[in-house]
Amino acid sequence: MATQEQAADRPVARPRRSTSDWLRLVFGVLLVGGFAWWLITQAVEEPERFVEVTLIGFTNGQVYALVALGYTLVYGIIELINFAHGDNFMLATFQTQSMVRDGSFQIPLLFGTIAIPLGTQVTVDDSTAQKIYSLTLVLLLTMIFCATINVAIERIGYKPLRNQPRLAPLITAIGFSFILQGIGLAWKGPGPVPITDVLPQGDMIEIGDIAYTWKAFIVLCITVPVLIGLTYMVRNTKPGKAMRATAQDRDASAMMGINVDRTISFTFALGGALAGAGGVVYMLYVGTSTFQLGFRLGLFAFTAAVLGGIGNLSGAVLGGLILGLVAGYNDGFGDARWTTTIVFSVLILILVFRPSGLLGERTPEGQ
């Protein structure tokens, strides 16, 4: 017994860092320090411009966060990177354009498009009541539209491969990504897809040369309730508890009476709804889309999920905001042509220095 107590009290030796570990640490510190010094320099030289760029990056980061949450939800429950998620987001922007400009909910098919008139056509000059009606219906129906697409993808492509090697569903996800991209191309064509101005123009708050626009404020008003609602649902509702249990142990969850298939489908529906919300927010804020948008922004959002910690809901939000700020600072003070390169450099660096992400890897049961 005494021997066991002595063994328990004995300090555990920590593994020594290798030379390569120290070199990576030094390189990482120098890199972060150099970036911080550059930001401080810009803030001192152009303080008002720095605040303005920060607000723009923060707003863009909210869109990245919404899409990144869809990636991290699916990964947390079945450990699959759903690469079709970004293209689902692209279809959400197209649906938003259809409802706002044409006033109809559209369903793209092989032989054409089914349009259901809803009277949601709206411009910036319409009454407040019309705007509220239109934007509420646009948000709800677009979320349902994308949730349905995600569930269909899961049922058709992922469920039969659930017990197969991971390469099979990964390739399937890439295949679905190209399918959705082709649907978008056939639906709206190869050119830009613009939307009429809906949100109020001008500045909500203006202090000197620092301005916070109405567009950015409305994006915040849409994004924050969605994030709060998602957090509450995962932590406190019965479907959320089923998600957490399924993520922890599928077999044990099934033995306890949880319908695992239904729970996984619900998770995909939730991820699709977040893509829909992100598409609406993006389209109202940016005002244009293309059929290739999903690939680029989807990879941005995936990078945000990895940066925060894939499988971690809070990490996805944090990663999205950080990535939005990094891209915003480069666009505002650097060269916008390098933004994509910098974003993927961040992905490579985070995989090298901290593969689990900033907040570590936690699946939904840890939320």
Side-chain angles (χ1 to χ4, degrees), residues 64 66-95 106-114 142-191 193 247 250 260-276 278-279 282 289-306 310-311 316 340 343-344 347-348 351:
Y64 298 154
L66 283 175
V67 184
L69 281 168
Y71 280 108
T72 209
L73 275 173
V74 171
Y75 181 86
I77 199 165
I78 63 172
E79 297 185 352
L80 169 69
I81 303 299
N82 181 21
F83 283 111
H85 188 68
D87 296 283
N88 201 4
F89 164 86
M90 174 269 297
L91 294 180
T93 64
F94 283 6
Q95 190 64 259
Q106 298 185 4
I107 304 173
L109 300 173
L110 290 176
F111 52 83
T113 302
I114 298 176
T142 303
M143 291 174 71
I144 293 172
F145 174 70
C146 291
T148 303
I149 292 175
N150 238 25
V151 171
I153 289 174
E154 189 272 332
R155 288 291 181 176
I156 295 171
Y158 299 154
K159 183 180 178 181
L161 301 175
R162 198 171 292 165
N163 297 319
Q164 300 301 316
R166 291 188 181 183
L167 184 61
L170 182 64
I171 294 175
T172 303
I174 296 173
F176 273 115
S177 174
F178 282 107
I179 290 173
L180 295 186
Q181 193 174 120
I183 291 174
L185 176 61
W187 185 7
K188 297 292 184 180
V193 180
R250 289 189 214 169
V260 174
D261 287 338
R262 184 185 303 168
T263 300
I264 292 175
S265 294
F266 177 77
T267 304
F268 271 85
L270 191 59
L274 289 169
Y282 179 90
S289 178
T290 68
F291 78 100
Q292 295 177 321
L293 172 68
F295 177 77
R296 180 177 181 274
L297 197 138
L299 288 178
F300 273 40
F302 172 68
T303 302
V306 174
I310 190 76
T340 302
V343 167
F344 290 111
L347 175 61
I348 294 171
L351 290 174

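Along the sequence shown, residues are numbered consecutively beginning with 1.
Atom SG of Cys146 sits about 11.0 Å away from atom CG of Asp87, to the nearest 0.5 Å. Note: Ile183 CD1 to Asn88 CG = 10.0 Å, rounded to the nearest 0.5 Å. Distance CZ/Arg155 to CG/Asp261: 5.5 Å, rounded to 0.5 Å. Atoms CG and CD1, from Leu109 and Ile114 in turn, are 4.5 Å apart once rounded to the nearest 0.5 Å. Of the inter-residue distances, the one linking Ile156 atom CD1 with Leu161 atom CG reads 12.0 Å to the nearest 0.5 angstrom. Considering CG of Leu274 and NE2 of His85, their distance stands at 6.5 Å, rounded to 0.5 Å.
No side-chain heavy atom of Phe89 sits less than 4.5 Å from a side-chain heavy atom of Leu66. Counting heavy atoms from C-beta outward, Asn150 and Asn82 have side chains that approach closer than 4.5 Å. At a threshold of 4.5 Å between non-hydrogen side-chain atoms, the residues Ile179 and Ile153 do not count as touching. Using a 4.5 Å heavy-atom cutoff, the side chains of Phe94 and Val193 are in contact. Residues Val67 and Tyr282 have side chains not in contact (no heavy-atom distance under 4.5 Å, counting atoms from C-beta outward). Between Ile78 and Phe268 the shortest side-chain heavy-atom distance falls below 4.5 Å.
Within a 6.0 Å sphere centred on CZ of Phe344, other residues, nucleotides and ligands contribute more than 12 heavy atoms. Heavy-atom contacts from other residues, nucleotides or ligands closer than 6.0 Å to CZ of Arg262 number 12 or fewer.
Counting all heavy atoms, side chain and backbone alike, Ala304 lies closest to Ala68 at CB-CB, 4.1 Å. Of all heavy-atom pairs spanning Ser265 and Val151, the tightest one is O-CG2, 3.6 Å. Here the closest heavy-atom approach between residue Thr142 and residue Gly276 is recorded as CG2-O, 3.8 Å. The minimum heavy-atom distance between Val74 and Leu80, with the atom names listed, is CG1-O, 3.6 Å. Taking all atoms of both residues into account, the shortest heavy-atom contact from Ala247 to Gly76 is CB-O, 3.3 Å. A pairwise comparison of heavy atoms in Ala92 and Ala275 identifies CB-O, 3.8 Å as the closest pair.
A cation-pi arrangement is not found for Arg162 relative to Tyr158, the charged atom failing to lie both closer than 6.0 Å to the ring centre and inside a 45° cone about the ring normal.
Distance alone, capped at 3.5 Å, is enough to place a donor-acceptor pair between the Gln95 side chain and the Gln106 backbone. No donor-acceptor distance shorter than 3.5 angstrom exists from the side chain of Thr72 to the backbone of Leu69, with no hydrogens or angles considered.
A ring-ring contact (aromatic ring centres under 6.0 Å, His included) with Phe300 holds for exactly one of Tyr71, Phe295, Tyr64; it is Tyr64.
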Would you give me the side-chain donor-acceptor pairs under 3.5 Å for residues 168-175, sequence neighbours excluded?
{"unit_1": "Thr172", "atom_1": "OG1", "unit_2": "Ala168", "atom_2": "O", "d": "2.8"}

